[in-house]
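Structure first, then comments.
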Amino acid sequence: MPEAMPSPPETVSRRALLGRGAVLGGGALVPPWLAGCAARAEAPREDVPTLVAAIASEQNLVATYAAARAANPSLAGRLDPVLARHREHLAVLRRHYVPGSGDRADEGGAIPSPSALPVPGGGAALAALRDAEDRAARERAAAAAKAAPGLAQLLASIGACEAGHAMVVRRAVRDQAPPVRSKADTEAVQRVLAAEHAAVYGYGVLGARLGGAARETAKAVWNAHRTRRDELMSALPAAPVAAAPAYRLPFTVTSPRAAARLAAVLEEDLVPAYVGLAGASTPELRAFAADGARRAMARSAAWRVRANEPAPRAAFPGLPATALSPRSEPGE
């Protein structure tokens, strides 16, 4: 069951945020939300450049998301909520920025103009935005270590939000099956769907032999395969291949270890289908397929560790031997 979305943190007042922190009798630092009266009105010198860097980064993220949304209108529903939160981040950071004046006029430097990062089109745009969010979250964490306590809290909160953004964008890339148009692409997607049907069935069998955390993991993966199955069916322009009433398993599942081995096999069986789909005619389907193959092998490796089984030796999982050498073109 999905966890409830956390409520946004209450805005810390500028005086509390920029306070150097009063000290209680026992030497404990006064929390910034109680230190407003003791805080200085001016920003501490070392926090001005920290704020400038954070503001510049948020400006760039806002510009980047706006550009990505303009170039990919179909992504507006996914990007708009994230863009709105970045604008909130920027507004609060600007509220706490106190530029120097008089003999402090050169402190921190001026805030640079916004600059959008280059973002490709289609599904690759989401991957680029995910990477930008990952970088921003790491930058906020590093900046928090240099900031006064109140500002550190704000930066930590923004960084946590951006880490969540990275997962949201990653999930969008992972879960949304792109449209399928050509006959060859349709056939490749049907093969992936058939493999997903088998995985859904197999996880339903092996889950009964697991307990505790392993059972919960299997249940989560089972649900993920069901979601992927449903999305593939929705993306197909033709009638989707139906699931068989039952599937012949490669061995009988009689123990938790055997259940983990079967899970690893089910995931590995998905890889050739996804690698085959990676030859699709559109970049979106190719990215979708590569992501599916990556996730299947990662899950297989995790299940093999749980079953105390050696890792597969294939350097090119799912790739036909004929694809290891380039095909000559006429006239070459």
Side-chain angles (χ1 to χ4, degrees), residues 120 122-128 130-131 134 170-178 180-203 206 217-218 221-222 224-225 227-229 231-232 235-236 241 247-251 257-332:
L126 296 172
R130 175 201 64 203
D131 292 343
D134 280 333
R170 182 177 288 112
R171 189 173 298 116
V173 173
R174 182 190 69 199
D175 289 344
Q176 186 182 18
V180 183
R181 296 184 177 89
S182 73
K183 180 180 178 181
D185 290 351
T186 298
E187 292 173 352
V189 171
Q190 294 279 33
R191 287 190 287 272
V192 173
L193 176 58
E196 289 287 359
H197 281 317
V200 169
Y201 176 87
Y203 271 94
L206 67 87
T217 298
V221 176
W222 177 66
H225 284 300
T227 299
R228 176 54 60 90
R229 173 202 65 189
E231 288 164 350
L232 288 166
L236 281 165
V241 62
Y247 291 82
R248 185 183 300 276
L249 300 178
F251 48 84
R257 181 180 179 184
R261 287 176 55 214
L262 176 59
V265 170
L266 292 171
E267 297 292 348
E268 288 162 19
D269 286 348
L270 284 162
V271 176
Y274 276 110
V275 170
L277 181 58
S281 61
T282 64
E284 292 82 6
L285 269 176
R286 293 197 291 270
F288 174 85
D291 184 66
R294 176 190 63 80
R295 290 184 299 106
M297 282 307 299
R299 287 170 174 162
S300 172
W303 284 117
R304 282 181 171 273
V305 169
R306 192 180 291 273
N308 197 27
E309 292 280 323
R313 295 184 178 181
F316 302 96
L319 189 68
T322 54
L324 292 176
S325 298
R327 299 175 183 176
S328 60
E329 297 291 339
E332 288 186 343

[X] side, atom [atom1]; [Y] side, atom [atom2] - distance, nearest 0.5 Å:
| X | Y | atom1 | atom2 | answer |
| --- | --- | --- | --- | --- |
| Y201 | H225 | OH | NE2 | 16.0 Å |
| R306 | T217 | CZ | OG1 | 5.0 Å |
| R228 | F288 | CZ | CZ | 3.5 Å |
| E267 | Y274 | CD | OH | 9.5 Å |

Nearest heavy atoms of [X] and [Y], plus distance in Å:
| X | Y | result |
| --- | --- | --- |
| L270 | A199 | CD1-CB, 4.3 Å |
| Y247 | A194 | OH-O, 4.4 Å |
| S300 | A264 | OG-O, 3.3 Å |
| Y203 | A218 | CD2-O, 3.8 Å |
| D185 | S281 | OD2-OG, 2.5 Å |
| E284 | P178 | O-CG, 3.5 Å |

Original post:
Taking Q190 for the side chain and V241 for the main chain, is one N or O donor matched with an acceptor at less than 3.5 Å?
Top reply: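 Yes.
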So, do [X] and [Y] sit near enough that their side-chain heavy atoms are less than 4.5 Å apart?
| X | Y | answer |
| --- | --- | --- |
| W222 | L206 | no |
| R191 | L277 | no |
| V275 | P317 | no |
| T227 | E231 | yes |

Original post:
Salt-bridged, E309 to R257, with N to O below 4.0 Å?
Top reply: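 R257 and E309: salt-bridged.
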